[in-house]
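Note sheet for the following structure.
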Amino acid sequence: MSKLLLCDGHNLAFRAFYGIRDLSRSDGMPTNMIHGWLKTFWRLEDELAPDSIYVFFDKGGCPRREAILPSYKANRGVPPEGFSEQLEWVKKLSLAIGYQCFEELGAEADDLIASALCKSRQLFDQILIVSSDKDLAQLVSDGVSQLLPPPTANPRIGWRHLDHNGVKEKFGVSPTKILDYLAIIGDQSDNIPGINGVGPKTAVKWLSEFGNLDDVILNAGRLSPKRFCSLVYENRDLLKRNQDLIRLDDKIHLEIGTSTVQWEKLERILNDLEMVKSLEEAKSRYVA
């Protein structure tokens, strides 16, 4: 059974950065994130045995969403010290290992993942989206699932696999309703406000009763609790705007080919980073 991993690069990089601390090269350059990245991806290789791994990175914001909502992601601060420097090494390392990496100015990793999924769906029997981003749950379908990394605050929870039933269990709605669900409650991580006072349980109740967001708005006068009837109707434009913000773009053109391990480049990178034990591990994995 052929298997593809679609990996959210920034999401996994931040988790690697905070998962391991206080590692650096002799000149003081931090390497904690790079160590964590390798540890994560080698574990994915060992436990999942994928045929291909694609990694996606954000680059330069998202003008389309910022035009709809100028405050989109305005709540996010600058990356922590040492993150951006290590991220460039992570990209070089990933390419040398043989992963395909994608980034495009003005496109978000989630949209690149959606586009890669659309292009690759017929080529693989199983596709796993590796990310904790709840937006990506809208892509789960037959043969496509989401793999959630362990939470940084509670790593003992471990990796969690969300297929159709897993999404329903976690969020209370099926993958096809994730877009409407998030439009109602908003997405704090992206600075997208939902209907004030409406939480996940209420959103699930409405979508279970009326089916989709359009019908929730159409039946605003019948909603329970009653205090939300006028609020939903008055905020119908906000709800439709949220759908436009959260809906993923799967029409981005991507050049997807094949790639293999570039051993000389990989060896040079690991030597430059003074990652002696990782170099030994890499030799055992990639050198016949």
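Reckoned from all heavy atoms, side chains included, excluding hydrogens, waters and symmetry mates.
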Do Asp190 side-chain atoms and Ile192 backbone N/O form a donor-acceptor pair below 3.5 Å?
no
Does a donor on one side chain and an acceptor on the other come within less than 3.5 Å for Ser131 and Asp8?
yes
Asn271 versus Arg268, side-chain donor and acceptor atoms under 3.5 Å:
no
Test your reading of the model: is there a side-chain donor-acceptor pair from Asn191 to the backbone of Tyr72, 3.5 Å cut-off?
no
Side-chain ion pair, Lys240 and Asp214, N-O less than 4.0 Å
yes
Straight-line distance of Leu38 CG to Ile97 CD1, nearest 0.5 Å
5.0 Å
Under a 4.0 Å N-O cut-off, is there an ion pair linking Asp27 with Arg25?
yes
Strictly by modelled atom types, are Ser174 and His164 linked by a side-chain donor-acceptor pair under 3.5 Å?
no
ILVMFWY network linking Leu270 to Phe41, side-chain heavy atoms under 4.5 angstrom
yes
NZ of Lys3: more than 12 outside heavy atoms within 6.0 angstrom?
yes
Distance-only side-chain donor-acceptor flag, Asp250 / Ser115, under 3.5 Å:
no
Working to the nearest 0.5 Å, report the span between CZ of Arg236 and CZ of Arg241.
14.5 Å
Residue set satisfying salt bridge (charged side-chain N to carboxylate O under 4.0 Å, His left out) with Glu47, at least two apart, ordered chain then number -> Arg43
Is it the case that the side chain of Ser259 and the backbone of Gly98 share a donor-acceptor pair, with hydrogens and angles ignored and the cut-off at 3.5 Å?
yes
Using the six-membered ring of Phe57, assess whether NZ or CZ of Lys91 lies under 6.0 Å from its centre and within 45 degrees of the ring axis.
yes
Do Leu162 and Ile129 share a hydrophobic cluster (ILVMFWY, side-chain heavy atoms under 4.5 Å, transitive)?
no
Is it the case that the side chains of Gln86 and Asn32 hold a donor-acceptor pair, with the cut-off being a distance below 3.5 Å and no angle test?
yes
Side-chain donor-acceptor pair present, Arg15, Thr40, cut-off under 3.5 Å:
no
Indicate whether any N or O donor in one side chain lies under 3.5 Å from an N or O acceptor in the other, for Tyr99 and Glu45.
yes
Main-chain N/O of Ser224 paired to Trp206 side chain as donor or acceptor, under 3.5 Å
yes
Verify, without hydrogens or angle tests, whether Asp180 (side chain) and Leu213 (backbone) share a donor-acceptor contact under 3.5 angstrom.
yes
Between the side chains of Ser2 and Asp125, is a donor N or O closer than 3.5 angstrom to an acceptor N or O?
yes
Can you tell me if Asp215 uses its side chain to pair, donor with acceptor, with the backbone of Leu218 under 3.5 Å?
no
Does a side chain donor of either Trp37 or Ser94 reach within less than 3.5 Å of an acceptor in the other side chain?
yes
Do Asp111 side-chain atoms and Leu248 backbone N/O form a donor-acceptor pair below 3.5 Å?
no
